[in-house]
Amino acid sequence: MLEVRAVTVDFVGLRAVDHASFTVEKGQIVGLIGPNGAGKTTLFNVVSGLVRPSSGSVMFEGKDLSHLGPADRNRMGIGRTFQVVKPFGGLTVLDNVMVGALTRGQGPAEARETARVTLKRLGLERFTDTVAHSLPLALRKRLEVARALATGPKLMLLDEIMGGLNPTEVNETLSLVQELNAEGLTFLVIEHNMNAIMRIAEKVLVLNQGAVLIEGPPAVVTRDAQVISVYLGEPIESA
Amino acid sequence: MQLVLQIVANGLLIGGLYALLAVGLTLIFGVLRVVNFAHAEFMMLGMYGAYWLWAIFGLDPYVSVFLITPVIFLLGVAVDRVIIQRSIGKPDVTVVFATLGLSILLQNAALTLWQADIRSVSTFASGSVFVVGGVRLSVAMSVSFAAAMLFALGLWFFLTRTMYGKAIQAVAQNRRAAALMGIDVKRVYLFTYSVAVAAAGAMGVLVAPIFTIFPRVGQTHIVTIFVIVVLGGLGSVPGAVVAALLVGIIRAGAGFLLGTAWGELSYFAVFLLVLVVRPQGFFGRRGAEVYGG
Amino acid sequence: MPIKSASLTSPSGQRIAFAVALVLLLCVPLVIRDIYWLDLGITVLIWASLATAWNISAGFAGGLSLGHAAFFGVGAYTSSLLFLRLGITPWIGVFVGALLAGALGALLGVITFRLKGPFFVLATLAFGIVVHIVNVNWRDLTRGAAGLLLPFRGGPQNMLFPNLWAYWYTGLGLLVLTVGISIAIERSRLGYYLVALREDEDAARSLGVRVVRSKVVAAALSAALAACAGAVYATFIQYIDPDSTTQFELSVQIALVAIVGGMGTTLGPVLGAAIVIPLGEILRARVGGGPALVVYGFLLMVIVLAAPNGAIAGVRLIGRRLRRLMDSGRKADA
C-alpha cells in the first residue's frame with residue numbers, strides 16, 4: 001500500500017533521513033521505532049508531503065506521490081497526527097474534527113454528524129463544545145487522532161500518541177487502534193512506549209541516524225543485538 | 001559623464017540617510033521580530049527637536065544633536081517598556097498594529113501641537129556645497145552621510161566584536177536559547193529598540209538644515225525604508241546599508257530618467273517581486289520569512 | 001495564533017436578532033430626519049461593509065492586508081469611469097468593478113499566499129501603494145489628483161438620488177450583501193478551511209485543506225466586496241480622488257475599524273464602524289482632525305495590546321452576564 005523508496009532528506013548540514021526504504025502492506029500495523037533524532041518524524045513529514053525529500057520517492061497504492069502536496073495526499077487516503085500537537089486552538093473540539101470531515105466532500109451538516117460520531121468513538125463527546133486549546137495534553141493528542149480519522153483515511157500515521165498516557169489510557173488507545181485495524185485501516189505508528197508497540201505491531205522498523213537499521217516481526221527485532229544497543233539499552237521482557 | 005557622476009553622488013548621499021533609518025529598522029526586526037511602523041516618526045521628532053532648539057535658543061543642529069539624541073533614546077526606552085515589550089510574542093495583529101497605532105498617534109500629536117506648517121532650519125550648512133572633481137556635494141548631506149556610515153560601521157563592529165553585541169546576535173537567532181544561556185533578553189530588546197530609534201532621531205536632527213519639517217515627514221520616507229530593509233534582507237545590517245545606497249542611486253537615476261512618480265513605481269514593483277521571489281532579500285537568512293514569529 | 005472565535009455554529013436566537021436589527025435599520029430614515037446624522041449613518045454603513053470585506057481575508061484567513069484601499073479605489077473608479085465615459089449605470093458598474101477588483105485580489109492572493117506575518121503585510125502595503133501611484137499618475141484615465149466629479153444625471157437609475165434616505169437604503173443593501181456573504185462564508189466549507197489555515201497551516205493541509213485555492217478565493221471575495229463599497233461611496237459623495245480612495249491611510253483605517261470591533265467575527269467589523277466612524281466624526285468636528293487621529297492611534301494601540309478580540313468580545317461578555325442575571329431573576333420569581 002505504502003512504499004518508501006530510498007528516501008533521503010538533507011537539512012542544512014544534517015542528513016535527517018538516509019536512503020530509507022520500506023513498505024507497509026494493506027491491513028498491517030507497522031511500528032516505527034528509533035532513538036530521538038533518528039528521523040522518524042521527518043519520515044512522516046515526507047510521507048504526508050510536508051517535507052520534500054532530497055532524493056527518493058513515496059508510492060501510495062501504486063501511485064507516485066512526489067508531485068502532490070499534503071492536502072492531495074490526505075485526499076488520497078493518508079491521515080496523520082502530529083507529535084507536537086497542532087490543534088486549531090481557537091475552535092471548539094467539534095469544529096476541529098469537522099474540518100477533517102469537510103475535506104472528504106461532505107457538506108457542513110453532514111460533516112457535523114461525522115464529527116459527532118468520531119468524537120463519540122474516541123470518548124471525546126463530553127468535550128464537543130470545549131475550545132481546543134483548553135484541553136489537557138492527553139485529550140489534545142486524542143483530538144489529533146479524531147481529526148485525522150474524520151478525513152476517512154486508508155492509511156493512518158500516528159506520531160507518539162501514547163506519550164504521557166497512563167496504563168489504562170494506553171490500553172484503551174491500543175484497543176481502538178486494533179478495532180480500527182480490524183475494520184480495514186492500515187497503520188504506521190511511531191511510538192516510544194515499546195511495550196505498547198510490541199503488542200500491536202505486525203512488523204517493526206528500527207530507524208537509526210536516518211537509516212532503516214532492521215525490520216521484522218516484533219519478537220525478532222527485540223532480540224536483535226543491534227537494536228538493544230542502539231535503542232533499548234537492555235533486553236526487555238516480552239509483554 | 002559629469003551628469004552621471006552627479007546623479008550617482010546625489011543618490012549615494014540620499015541612500016546614506018536612508019541607511020541610518022534602515023539599519024535601525026532592520027535591527028529591531030532581526031532582534032525583536034517587530035516591524036516598527038513608528039520608526040520614521042522618531043526621525044520626525046528629531047527634526048522638530050532641532051527646529052525648536054534652533055528657533056528658540058539659536059542652537060545649531062550639529063550641537064543640538066548631542067542633546068536630542070539622548071532624549072529620543074529615553075523616549076525609545078519608554079516606548080519599549082509601555083508598548084513594544086507588551087506586543088512581543090503576541091499574535092501578528094498586535095505586533096503589526098501596535099506600532100502602526102503609535103505612528104498615527106505621534107504624527108497627529110505633532111500635527112496638533114505644531115500645526116501642519118512647513119518649517120525649516122537654515123544654518124551655514126543649509127545651502128553650502130563643495131565641489132569634488134566637478135561634482136557638487138551638499139555639505140549638510142555629506143555630514144549626515146558620514147554620520148550614517150560611521151554609525152553603521154560602529155554598529156557592525158559592536159555586534160560582531162563585543163560580548164554584548166554577540167549576546168544581541170544570540171537573541172536574534174534564538175531568543176529561547178539565549179535566555180537559557182543567561183542573557184537578559186528583555187534588556188537586549190530595550191537596548192536594541194532605544195539605540196535604533198535614537199539613530200533615527202539623530203538622523204532627523206542632522207538633516208534638519210536641508211529638509212523641510214512637517215508632521216507627516218516620516219511617512220514620506222517610511223515606505224522607502226521598508227523597501228530597503230526587505231531588499232537587504234529583514235534583519236541584516238550590512239544588507240540594509242547596501243540596499244539603502246542602491247535604492248538611493250536607483251531613485252535618483254530613475255527619477256531623472258523617468259520622472260519621480262514612475263521612478264518610485266519601478267522600485268515598488270521590484271520590491272513586490274523580491275518579496276514574492278526571494279522574500280529573505282539579498283542578504284537575509286532563508287526561512288526568516290516563513291518563520292515569521 | 002490569532003483571534004479566538006469560540007464557535008462557528010450560531011444559536012438560533014441569532015436569526016431573530018438579525019431580523020430585529022434589520023427592521024430597526026429599515027426604520028432609521030423614518031425616525032432620523034436630521035441630515036447630519038443620516039449622512040453620518042450612511043458613512044457608517046459603507047465603512048461597516050468595507051471592514052466586513054477586509055475581515056474575510058484578514059479575520060477569517062489571517063492575512064492582515066494593508067492594501068485594501070486599492071480595491072475600494074478600483075470599485076469607485078471603475079463604476080465612475082464607466083458612467084462618465086460610456087454612460088453605463090453604476091448599478092452595472094458596481095459589478096464590473098467588483099469583478100475587476102476580484103481578479104486583482106486573486107492575483108495578489110496567488111503571489112502572496114506563501115508569505116507570513118510582516119512579509120504579507122508589507123507585500124499588501126506595497127501593492128496598495130503601487131495602485132495609488134498609478135491612480136495619481138495615469139492622468140489620461142483617472143485625471144490624477146484632480147479627481148472625478150459625478151454629474152447629477154438621470155437619478156435613481158444611475159444610483160444618484162435626490163435625497164439621503166435613498167442612499168441609506170443603498171448603503172443598507174450593501175451592508176446586507178457583505179454581511180450576508182460573510183455569514184455564508186463563515187458557515188460554509190470555505191469558512192472552516194480559512195479558520196483552520198489561520199490557526200495552523202500544516203495541520204490544515206494534512207487534513208486535506210488546499211491552501212492556495214482557499215486563500216485565493218477568500219482574497220478575491222474580499223477584494224470584490226471592498227470594490228462594491230467603493231462604487232457605492234462614489235455615487236454617495238459624487239466626487240472621488242486618489243486621496244479619498246486609494247491612499248495608504250485609508251487602508252489603515254479599514255483595518256482599524258475591523259480590529260476595534262473584533263476581527264474574525266461577522267459582527268465585529270460592523271460594530272467597529274458604529275464605534276469608530278461617529279467617534280472620529282464627532283472628534284473632528286469638536287477638536288479638529290489632528291486630535292481625532294491621535295485618538296484613533298491610541299485606540300488602535302490599546303485594543304491590540306489589551307483587548308485583541310475587540311469590542312465585540314466585551315459586548316458578548318455583557319450579554320452573557322445579562323442572560324445569567326435574567327435567568328437567576330426568573331428562578332427567584334418561581
Side-chain angles (χ1 to χ4, degrees), chain B residues 29 33-35 37-38 82-83 86-87 90-116 215-216 219 222-223 226-227 229-230 234 259-262 264-265 267-269 271-273 275-277 279-280 288-293, chain C residues 1-4 58-59 62-64 66 108 110-112 114-130 132-134 136-138 144 248-249 252-253 255-256 258-259 263-264 287-306 308 310:
Chain B
F29 181 83
R33 298 262 147 193
V34 165
V35 179
F37 274 97
V82 179
I83 298 161
R86 279 173 220 258
S87 70
K90 293 277 177 64
D92 286 343
V93 61
T94 306
V95 175
V96 170
F97 285 91
T99 59
L100 198 53
L102 177 65
S103 155
I104 298 173
L105 189 143
L106 289 176
Q107 256 178 47
N108 292 287
L111 182 68
T112 307
L113 287 173
W114 304 314
Q115 317 305 326
R216 303 241 159 122
Q219 208 183 3
I222 188 70
V223 185
F226 277 133
V227 170
V229 164
V230 170
L234 259 174
T260 323
W262 299 113
E264 235 176 281
L265 193 66
Y267 74 71
F268 276 114
F271 173 66
L272 263 178
L273 202 73
L275 263 180
V276 173
V277 180
Q280 74 273 33
E289 80 288 358
V290 190
Y291 203 53
Chain C
M1 238 169 280
I3 319 312
K4 295 163 207 158
L64 297 168
L66 276 181
L108 185 65
V110 166
I111 61 179
T112 58
R114 217 178 302 125
L115 300 175
K116 296 269 185 307
F119 292 88
F120 181 89
V121 175
L122 292 178
T124 54
L125 187 157
F127 167 79
I129 288 182
V130 166
H132 184 63
I133 295 176
V134 170
V136 172
N137 291 287
W138 194 353
F248 172 63
E249 279 86 344
V252 176
Q253 195 173 334
L256 181 141
I259 290 169
M263 282 169 61
V287 289
L293 286 170
V294 170
V295 173
Y296 271 12
F298 186 73
L299 193 64
L300 185 57
M301 265 184 346
V302 170
I303 288 279
V304 295
L305 287 172

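All values reported here derive from a predicted model rather than from experimental measurement. Residue numbers start from 1 in every chain, and the chains themselves are labelled A, B, ... in the order their sequence lines are given, proteins ahead of strands.
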Max heavy-atom pair count under 4.5 Å with chain B, selected residue of C:Ala58, C:Pro291, C:Ala306, C:Ala292: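 With the most close heavy-atom pairs to chain B, the winner is C:Pro291.
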Under the 3.5 angstrom rule, does the side chain of B:Thr94 hit a backbone N or O of C:Leu305 as a donor-acceptor pair?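 It does not hold such a pair.
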For the residue pair [X] and [Y], what are the closest heavy atoms and their distance?
X        : Y        : answer
C:Pro118 : B:Val35  : CB-CG2, 3.2 Å
B:Leu272 : C:Ala126 : CG-CB, 4.1 Å
C:Leu293 : B:Ile104 : O-CG2, 3.4 Å

Rounded to the nearest 0.5 Å, how far apart are OH of C:Tyr296 and CG of B:Asn108?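 Going from the OH atom of C:Tyr296 to the CG atom of B:Asn108 covers 11.0 Å.
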Supply the atom-to-atom distance C:Met301 CE to B:Ile83 CD1, rounded to the nearest 0.5 angstrom.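 Rounded to the nearest 0.5 Å, the CE-CD1 separation comes to 4.0 Å.
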With sequence neighbours left out, write down each residue that passes side-chain contact (heavy atoms from CB on, under 4.5 Å) with C:Glu249, or none if nothing qualifies.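 For C:Glu249, the residues satisfying side-chain contact (heavy atoms from CB on, under 4.5 Å) (neighbours in sequence not counted) are B:Arg216, B:Gln219, C:Gln247.
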B:Val82: partners by side-chain contact (heavy atoms from CB on, under 4.5 Å), with sequence neighbours left out: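 B:Val82 satisfies side-chain contact (heavy atoms from CB on, under 4.5 Å) with no other residue.
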Around atom CZ of C:Phe298, are there more than 12 heavy atoms from other residues, nucleotides or ligands closer than 6.0 Å?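 No, the 6.0 Å shell around CZ holds no more than 12 heavy atoms from other groups.
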Check against side-chain contact (heavy atoms from CB on, under 4.5 Å), C:Leu122 and B:Phe271: CA-CA 10 Å; C:Leu122 292 178; B:Phe271 173 66; 4.1 Å; yes
Intermediate values then yes/no, side-chain contact (heavy atoms from CB on, under 4.5 Å), C:Leu64 and B:Phe97: CA-CA 10 Å; C:Leu64 297 168; B:Phe97 285 91; 4.2 Å; yes
Which atoms of [X] are under 4.5 Å from chain B, going by heavy atoms: the side chain, the backbone, both sets, or neither?
X        : value
C:Phe248 : side chain
C:Ile111 : both
C:Val121 : side chain

Would a 4.5 Å heavy-atom cut-off, applied to side chains only, mark C:Leu125 and B:Phe37 as touching?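 Yes, close enough: below the 4.5 Å cut-off.
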C:Leu66 side chain reached by B:Leu100 side chain, heavy atoms, under 4.5 Å: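 Yes; the side chains approach each other to less than 4.5 Å.
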Is it the side chain or the backbone of B:Leu111 that comes within 4.5 Å of chain C heavy atoms, both, or neither?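 Contact with chain C involves the side chain of B:Leu111 alone.
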